[in-house]
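Residue numbering restarts at 1 for every chain, and letters A, B, ... go by the order of the sequence lines.
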Amino acid sequence: MVGAWLSDLYEKISELARRRGFFWPSYEIYGGVSGFYDWGPYGVLLKNRIVEKWRDYFVRRHQEYVVEIESPIVAPSIVFEASGHVEHFTDPIVTCLKCGRKFRADHLVEEALGVSVEGYSVEELNRIIREKDVRCPVDGGELGDVQVFNLLFKTQIGPYASDVGYLRPELAQGMFVAFKRVLEAMRGRLPLGIAQVGRVGRNEISPRQAMIRLREFTIMEMEYFIDPKDPHGSCPFFEEKSGVKMRILTYDMRVRGEEPQWFTLEEAVEDKVIIDRCLGYWMAVGQEFMESLGIPSQAMYFHEKGAHERAHYSSQTFDQMVKVSRWGWIEVAGHSYRGDYDLSRHMQYSKADLTVFKPYKEPRIVKSKRIVVNKSVLGRMFREKSLKLAEILQGLRPEDVEEQLRRQGCVLVEGFKVPGEAIEVIEVEEKVSGEKIVPHVVEPSYGVDRVVYVTIEYAYREKDGRVVLAFPRDIAPVQAVVLPLLENDDTLVREARLIYKDLVREGFTVLYDDSGSIGRRYARADEIGVPAAITVDYQTLEDGTVTLRDRDTWKQVRVDKTRIADALRMFLRGARLEDLGTPVGSSTQQP
RNA sequence: GCGGCGGUCGUCUAGCCUGGACUAGGACGCCGGCCUGCCAAGCCGGAGGUCCCGGGUUCAAAUCCCGGCCGCCGCACCA
């Protein structure tokens, strides 16, 4: 019974979503294109509130260290060459000419021949397949040529075809490329979190599962830059969350066939289940963030990826999983330890200095040797060769120069003898006040569309044959509905319109509804998850109070209309209904 | 991309097998009016359909055939 209910929960939600305007497949009037979804009016409101909640948990509460930026969707190809996506986001695929099935060419060759072909080019894979006569593992059919599937959306920047651009498949590169600027703006200190919310594109081969797997979607992501040698200083808020409990399934546990286990953050880090304090901290924040959206902690766990399952940049990754009715456990976030891979690669490709200066507590005196070239002597001796020679001499190791001078009184360079009077090695004392380090990065990255979907799924209730979306009050797309008890009484209608306008002026997202019976209107509002209903009735005309109804209990209290905005604000923050006014007797069944 | 199943007002669906009387019917929802003193009540009226798209067979196609698109399931894929 429960299974049957669960299995069509997805159907019910997509039907509701289309009917009431939460989401639907894009380009419907042209037949649709898979992998693209529109968010409708209430979907956008809900999504915005969830994004705002994420900002609150990840950015605002850590504003001393975490800032948000926005960077472009399109990047020049070099960015994704540096990031490794041009190389690694590409799969070599072969098609069986007999049955049409597609396979990863490298996997097939490795399985068939038992040798590693990692890093082989398409041509090499093709040659091996022909030489060794690798065939379709299903029906033994001959294989076609190896093709390359790159999941990056490719485009062109400006009028020249040679200016290749790509749509970003993740936000991270935007933060890495802008790292130097943001660090400067944040006065050069670590730890530094750079967050971003934005659209990305991945040209999936065959996306399905509604908005669980899309070709274009929104990510909420943070790159948290730390000094790897200072695990404690990198996570100054660790203690606040050290008791947060998370269900974790490590790779080893998975191999042994075990179930996820509960760990406090502190245990997980101490037991080395999580390799880094910051990684663990942000997982704990992520756990609380998802719980604040109404996802129970039992319906979540963190799934550690094995070495071969991880992305090319990661040394540990946990997927944050949430259970949904139709597809079982799905990934809503990835929590990765990216090390210094990305910054190092961008330093290499851009030649920019992306290091962070880490001051010592006390400046250190460092003695070092330096080569001093006497250019006037050198110039007189070697004339036009002297500039070139000076450059080479400066590049030598001081110790080697010293050694040569001591042994033979001169330095041999390019076949020339440079005598002692033209070059000497001196010892200098330098005050060094710090060192340059390449920060490591911890990355929590959320797929917004999936998060919104699971939020809807966990908010879905059926009550007396009616559908209620019981969103947590503070993320409900619409916060209140204002209703005159009867639609044909001008006095009630006028009063309700005034209250509606007042609430709009106060900054709330509010509906006004006077069409149909009061019960129908409550039901309509419940269906899109409006947490509060404010009804103007005949008592309002007498004593100026209105009723405030709780979507989840259907209980009502009377509140003075002049205080309704405050009461609503408190209600949305989680105040108990009973504390906001005087109870209305069970009014539902009165004759 | 392969295989299976499916696609009809906003939504859910009847009709399809067995081609024609289908001017594609119903329910819910939506809009307007009446009624209604608190949980999808009732009455009247109304709007709303490329029967997924294209081609074919036929005197005649929502219905049969082929191709495509989209969806679901399985396989493959998912840095």
Whole angstroms only, please: what is the [atom1]-[atom2] distance between [X] and [N]?
X	N	atom1	atom2	answer
L492(A)	U36(B)	CG	P	13 Å
N488(A)	G37(B)	CG	P	8 Å
E487(A)	G37(B)	CD	C1'	14 Å
R18(A)	G10(B)	CZ	P	12 Å
K12(A)	C72(B)	NZ	C1'	18 Å
I518(A)	C38(B)	CD1	C1'	6 Å
R20(A)	A40(B)	CZ	C1'	11 Å
R208(A)	G6(B)	CZ	P	16 Å

Exercise. Take the angle between the ring planes of Y301(A) and H303(A) and call it parallel below 30°, perpendicular above 60°, tilted in between.
Key: tilted
Exercise. Please work out whether the ring planes of F225(A) and F176(A) are parallel, tilted or perpendicular, with thresholds of 30° and 60°.
Key: perpendicular
[atom1] gap between [N] and [M], integer Å:
N	M	atom1	answer
C78(B)	G20(B)	P	49 Å
G46(B)	G4(B)	C1'	44 Å
C51(B)	C34(B)	P	37 Å
C30(B)	C73(B)	C1'	34 Å
C17(B)	G6(B)	C1'	16 Å

Quiz prompt | With sequence neighbours excluded, residues passing side chain to side chain donor-acceptor pair (under 3.5 Å) with N203(A) | solution = none
Self-check item: Non-neighbouring partners of D514(A) that pass side chain to side chain donor-acceptor pair (under 3.5 Å), sequence neighbours left out
Solution: Y512(A)
Quiz item: In residues 520-531 of chain A, what residues come within less than 4.0 Å of RNA chain B, judged by heavy atoms?
Solution: R520(A), Y522(A), A523(A), R524(A), E527(A)
Under 4.0 angstrom between [X] side-chain N/O and [N] OP1 or OP2:
X	N	value
W24(A)	G10(B)	no
R326(A)	C73(B)	yes
S517(A)	A41(B)	yes
S515(A)	C31(B)	yes
S34(A)	G71(B)	yes

Quiz item: For F571(A), does its backbone N or O pair with a side-chain atom of R473(A) as donor and acceptor, under 3.5 Å?
Solution: yes
Quiz item: Checking D276(A) side chain against C278(A) main chain: does a donor-acceptor pair fall under 3.5 Å?
Solution: yes
Quiz item: In Watson-Crick or G-U wobble terms, both distances under 3.5 Å, what is the partner of G54(B)?
Solution: C66(B)
Quiz item: Taking any strand in view, what nucleotide pairs with C16(B) in a Watson-Crick or G-U wobble way, both distances under 3.5 Å?
Solution: none
Exercise. Identify which nucleotide among A40(B), C72(B), C38(B) has an atom closest to any side-chain atom of A210(A), counting heavy atoms from C-beta outward.
Key: C72(B)
For [X], answer base if it contacts any base atom (sugar-phosphate contacts may also be present), sugar-phosphate if it contacts only those atoms, and nothing otherwise; contact means non-hydrogen atoms under 4.0 Å.
X	value
D489(A)	nothing
E331(A)	nothing
L483(A)	nothing

Quiz item: More 5' along RNA chain B: L486(A) or E28(A), using each one's nearest nucleotide?
Solution: L486(A)
Quiz item: Can you name the residues that form a ring pair (Phe, Tyr, Trp, His ring centres under 6.0 Å) with Y522(A), not counting sequence neighbours?
Solution: none
Practice problem: Any salt bridge (Lys or Arg N to Asp or Glu O under 4.0 Å) involving residues 21-47 of chain A? Give me the pairs, sequence neighbours left out, ordered by first then second residue. | Solution: none
Quiz item: Who pairs with E527(A) by side-chain contact (heavy atoms from CB on, under 4.5 Å), at least two apart in sequence or on another chain?
Solution: L16(A), R19(A), R20(A), V467(A)
